J.: 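One structure coming up, written as C-alpha cells, with questions to follow.
This structure is a prediction, so every number in the text was calculated from the model and none was measured. To find a chain, count down the sequence lines: A is the first, B the second, and so on, and within it residues start at 1.
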Number of protein chains: 2
Amino acid sequence: MTTIQDIAKHAKVSKSTVSRVLNESSVVNTETRLAVEQAITALNYRPNLMAQSLASGRSMTIGIVTQKIGSPFYDSIAQGVIEGLNNTGYSPIFVDGQLHHSTESEVIKALVGRQVDGLVLIGGRTPVTDLEQLKEKLPTILVAREVAGWENRSVCVDNELAGYEATMHLIELGHRAIALIHGIKDQPDAIQRQKGYCRALEKANIVFNPSLIYQADFSAQSGVLAINSLLGSGVYFSAVFAENDMMAMGARLGLSRHGIRVPEDVSIVGFDDQAEVAFMTPPLTTMRQPAVEMGKSAASAVLHAIRDERFEIPNHLIELQRRESVARVR
Amino acid sequence: MTTIQDIAKHAKVSKSTVSRVLNESSVVNTETRLAVEQAITALNYRPNLMAQSLASGRSMTIGIVTQKIGSPFYDSIAQGVIEGLNNTGYSPIFVDGQLHHSTESEVIKALVGRQVDGLVLIGGRTPVTDLEQLKEKLPTILVAREVAGWENRSVCVDNELAGYEATMHLIELGHRAIALIHGIKDQPDAIQRQKGYCRALEKANIVFNPSLIYQADFSAQSGVLAINSLLGSGVYFSAVFAENDMMAMGARLGLSRHGIRVPEDVSIVGFDDQAEVAFMTPPLTTMRQPAVEMGKSAASAVLHAIRDERFEIPNHLIELQRRESVARVR
DNA sequence: CACATTGATGGTACCGGTTCCATAGAATTG
DNA sequence: CAATTCTATGGAACCGGTACCATCAATGTG
C-alpha cells in the first residue's frame, strides 16, 4: 500500500502539500500540484479512509439500519438510500435489526463505534428515549416511522389516508361488503391502514362488521388462510382489501382455489405495489408506496443534517395504482 | 466521545492495559481487569473502529459488490452474506456496480480505500485480469460467476444442468414442443441454461426448433412480449421454459390474456424460486436457486480466506420445485 | 544467596492521514 | 527602501488505538 508519505517523497514535497492537493483545502502552486498529481497516478495511490477518518473526524459513511433484509418494501427504501448517496462521497453501511429490539440497539452501537457520520433508521422499534439520545450524538433520520417531535427528521407517508382511499375506491364501485386482511397486530402501519378502512366505511354509512376482518401477519400464506377463514365463516364479501401485496397475492390464490374469480366475483386491492404484482393474473390494483423515493429523501435529509443545513422533507404520497383486480360490483 | 485514555485514567492504569483487557491479548491481573471493565461500562465506552483499524491493519469489514439492488436473486445472495457475517465481528459494506463495468471497478477501488479485509463480488463483469490483481491484494470471493482458476474462490451453481433438468421435467411429462424464453443475450447464466435446454432436447431426440426461442431480457414485461411473439408466429408449443421467474410471471400473464390456461393448455417452468412465485395462480414450478445459502457460503469462504484457512466451498444444487404450473401434455 | 524466569504493567513508537502554526521569499505599499 | 502583507510550503502535534520493548517485583532454581 502506498501512503501519502510515498507520494510526498516521489513528488519531493511534504505530506502537508500532498494533503492539500488531495483536499483542495488551500492553494497550491500549479507546478507542485501537477507533480503531486503525477506521483499519485504513477504510484496508483488511494488515501486510507480509516486514517482520514481518524484524523478528520469524518468517516464518510452513513449507517443504515434495516429491519429485515428481503422484505420488498424495506429493500426498496434501502435501494433508494443507496441511489441517493451515489456520487456524494458517502457510502452506506448496512446492518440488520432482525426485528429484535435488543439486536437493533446492539447494531446501532456498532455503527456508532464505526464512527458513521449519520444514521438512517428504516422502520424499527427503538424506544423514543433512545432515539432522542442518539439524535444528540448523530444526525439521525427515520424512515417509515412517525415519532412526535421528529417531523422534519422523518420520512413517512399517510397510511391512514391510503387505507381510506383504497377502501373508498372499492366503495365507489359499489362494494359494501369489504373484507380486510389486517397486517401484524401492533404494527403502526397496519393500525393506520385499518383506521382508514374504518373511516371510509363510516363516510359511506356502511356499518363496520368485525367478522369481515381477518388478523393476518403480512405474509402471503396468511393471505390464503384469510380467505379460507372468511369463506369458512360464511360472511359474504364482494371485495378484499389486503394491507400489503403479499397477502393480496395469497388472497388471490386462495380465492382461485375456491373457484372464485377475480375480479368478476371478488375484487382485490393490495398495498405497496411491489414489482411483481403488476404481472399477477390479473394485475393487482394496489396502493403504490413510493419506497425508492422515500429512501432518496432520507439520503438527502441525512446529508443535509450532517452539513447542518435546513432541509424540507418532501411529502410522499401513496397513490392508487389501478389495474385489473378490481371491478364494479355486480 | 470517551477514548481509551479516559478509561485508563478512570481505572488508574495505562492505555496498554486497557487495550489488553479489550483484546484479551495477554494476561491481566483479575483486579485490574475488573477495574477496567467497570470503567468501560461506567463511561459507556466503545472503541473507535477507525483507530483500531488504522493501528491494527484490520478493518473488520467485508466489501460486498452487488450488481443491482432490487433484483430478487442478487438480493437474496446479499441477505445470505449478511446472515453469514452475523456475530463474526465483521460487518458488510455494500456498493452497487449498477451494471456498469466502469462503475464496478470504481466502487471496488473505493472499497479498497476503505481498507476492507475481504471482498465478495456478486455476479459482475470485472475483467479476469483485474480480478487476478485484486486477489493478490485481498481475499476475494466470487458469487454466481465462474472463472477458470477460481474454483475454490467462487460460489456457483450448475446452470447448464438446471436448464437440462427443467427441460427434462417437461419432456418426461410428454411435452415435445417446448418454448424457451431466453435471458439477456450474453449473460453467462442465460447461455448455460439454454445449453441445458438444448442438451435435454437432444437426449430426447427432439429436433431443436429455433422459432421456439424468444430472445428476452429477464424482465416480466419481456415475458409477456415473448408469449405475444410466439403466439403471433403461429408455432405450436405445449410448454414454456422461462430462464427466470419474472419472465415466467410475464408469460403466465400473457397466456391468460390470450385465454390460454395454465397448466391445462400450456405448462410453465420458471427459474430462481423467488418468494412470490409460490403464490402465483397457479403456483409456479421452478428451479430453486439456493441464493441465501450461496451468500452464506460466500461469507464463510471470505472469512476463512482472511484467516488463511482452507475452506471447501459446499456444492450448491439447483433443485426442481414442483408446483402446479406444469401438467402432463394432453 | 546470586541469578534466571515469570507475571503484570507502563512507556512509546507507530498506523496514515489532517490541520494548525511557523517561516521564507515574493509582492505590495507608503 | 523599509515595512507589511501574501503565497506557498514545511514541521509537528494530534486523532485513538495497537504492539513491541522495557521495567520491576515476585518467584523459582542450583
J.: Rounded to whole angstrom units, what separation is found between the NZ atom of Lys9(A) and the C1' atom of dG10(D)?
T.: 16 Å
J.: Going by heavy atoms in the side chains, are Asn48(B) and Met1(B) under 4.5 Å from each other?
T.: no
J.: Using side-chain heavy atoms (C-beta onward) and a distance below 4.5 Å, is Glu83(A) in contact with Val292(A)?
T.: yes
J.: Measure the spacing between CG of Asp117(B) and OG of Ser59(B) and express it to the nearest 0.5 Å.
T.: 3.5 Å
J.: What nucleic acid atoms does Thr3(A) come within less than 4.0 Å of, heavy atoms only: base, sugar-phosphate, or nothing?
T.: sugar-phosphate
J.: Side chains of Leu131(B) and Thr129(B): closer than 4.5 Å at any heavy-atom pair?
T.: no
J.: What is the nucleic acid contact for Arg33(B), judged by heavy atoms within less than 4.0 Å: base, sugar-phosphate only, or nothing?
T.: nothing
J.: Are side-chain heavy atoms of Asp130(B) and Val128(B) found at a separation under 4.5 Å?
T.: no
J.: Can you tell if the side chain of Ile93(B) reaches within under 4.5 Å of the side chain of Leu111(B), non-hydrogen atoms only?
T.: yes
J.: Listed in order of residue number, which residues of residues 19-27 of chain B have a non-hydrogen atom at under 4.0 Å from DNA chain D?
T.: Ser19(B), Arg20(B), Asn23(B)
J.: Looking at every strand, decide which applies to Val13(B) at a 4.0 Å heavy-atom threshold: base, sugar-phosphate, or nothing.
T.: sugar-phosphate
J.: Side chains of Phe94(B) and Ile82(B), heavy atoms from C-beta outward: is any pair under 4.5 Å?
T.: yes
J.: Can you check salt bridge (Lys or Arg N to Asp or Glu O under 4.0 Å) on Glu312(B) and Arg153(B), steps first, answer last?
T.: CA-CA 9 Å; Glu312(B) 201 64 47; Arg153(B) 293 274 174 199; over 6 Å; no
J.: Please report the distance, rounded to the nearest Å, between CE in Met60(B) and C1' in dT18(D).
T.: 14 Å
J.: For Lys15(B) and dT18(D), what is the distance between atoms NZ and P respectively, to the nearest whole Å?
T.: 9 Å
J.: Under the side-chain hydrogen bond (donor to acceptor under 3.5 Å, both in side chains) rule, what do Arg114(A) and Ser91(B) come out as? Steps first, then yes or no, please.
T.: CA-CA 10 Å; Arg114(A) 283 193 127 72; Ser91(B) 304; 3.0 Å; yes
J.: Does Thr32(A) reach a base, just sugar-phosphate, or nothing at all? Heavy atoms under 4.0 Å.
T.: sugar-phosphate
J.: Classify the nucleic acid contact of Val28(A) as base, sugar-phosphate or nothing, counting any heavy atom under 4.0 Å across all strands shown.
T.: sugar-phosphate
J.: Contact list please: residues 107-116 of chain A against DNA chain C, heavy atoms, distance less than 4.0 Å, in numerical order.
T.: none
J.: Output yes when at least one side-chain N/O atom of Gln52(B) is less than 4.0 Å from OP1 or OP2 of dG16(D), else no.
T.: no
J.: Name the first nucleotide and the last nucleotide along DNA chain C (5' to 3') that come under 4.0 Å of a heavy atom in chain A.
T.: dG16(C) to dC20(C)
J.: Cut-off 3.5 Å, no hydrogens considered: what does the side-chain donor-acceptor table look like for residues 298-308 of chain B, sequence neighbours left out?
T.:
unit_1    : atom_1 : unit_2    : atom_2 : d
Ser300(B) : OG     : Lys296(B) : O      : 3.4
His304(B) : ND1    : Ser300(B) : O      : 2.8

J.: Report yes if some heavy atom in the side chain of Gln187(A) is under 4.5 Å from a heavy atom in the side chain of Arg125(A); otherwise report no.
T.: yes
J.: Between side-chain atoms of residues 134-145 of chain B and protein atoms elsewhere (two or more places apart, or another chain), which donor-acceptor pairs fall under 3.5 Å?
T.:
unit_1    : atom_1 : unit_2    : atom_2 : d
Thr140(B) : OG1    : Leu138(B) : O      : 2.9
Arg145(B) : NH1    : Gly124(B) : O      : 3.3
Arg145(B) : NH1    : Thr126(B) : O      : 2.9
Arg145(B) : NH2    : Thr126(B) : O      : 2.9

J.: Report yes if a side-chain nitrogen or oxygen of Ser14(A) is closer than 4.0 Å to either non-bridging phosphate oxygen (OP1 or OP2) of dG10(D); otherwise report no.
T.: yes
J.: Quick one, Ile122(B) with Gln67(B), criterion side-chain contact (heavy atoms from CB on, under 4.5 Å). Give me CA distance, side-chain angles, the key distance, then yes/no.
T.: CA-CA 7 Å; Ile122(B) 303 178; Gln67(B) 284 317 300; 5.7 Å; no
J.: Can you tell me how far CZ of Arg33(A) sits from OG1 of Thr17(A), rounded to the nearest 0.5 angstrom?
T.: 11.0 Å
J.: By nearest heavy atom, map Thr17(B) and Leu54(A) onto DNA chain C; which one lands nearer the 5' end?
T.: Thr17(B)
J.: Heavy-atom contacts under 4.0 Å between residues 37-50 of chain B and DNA chain C, which residues?
T.: none
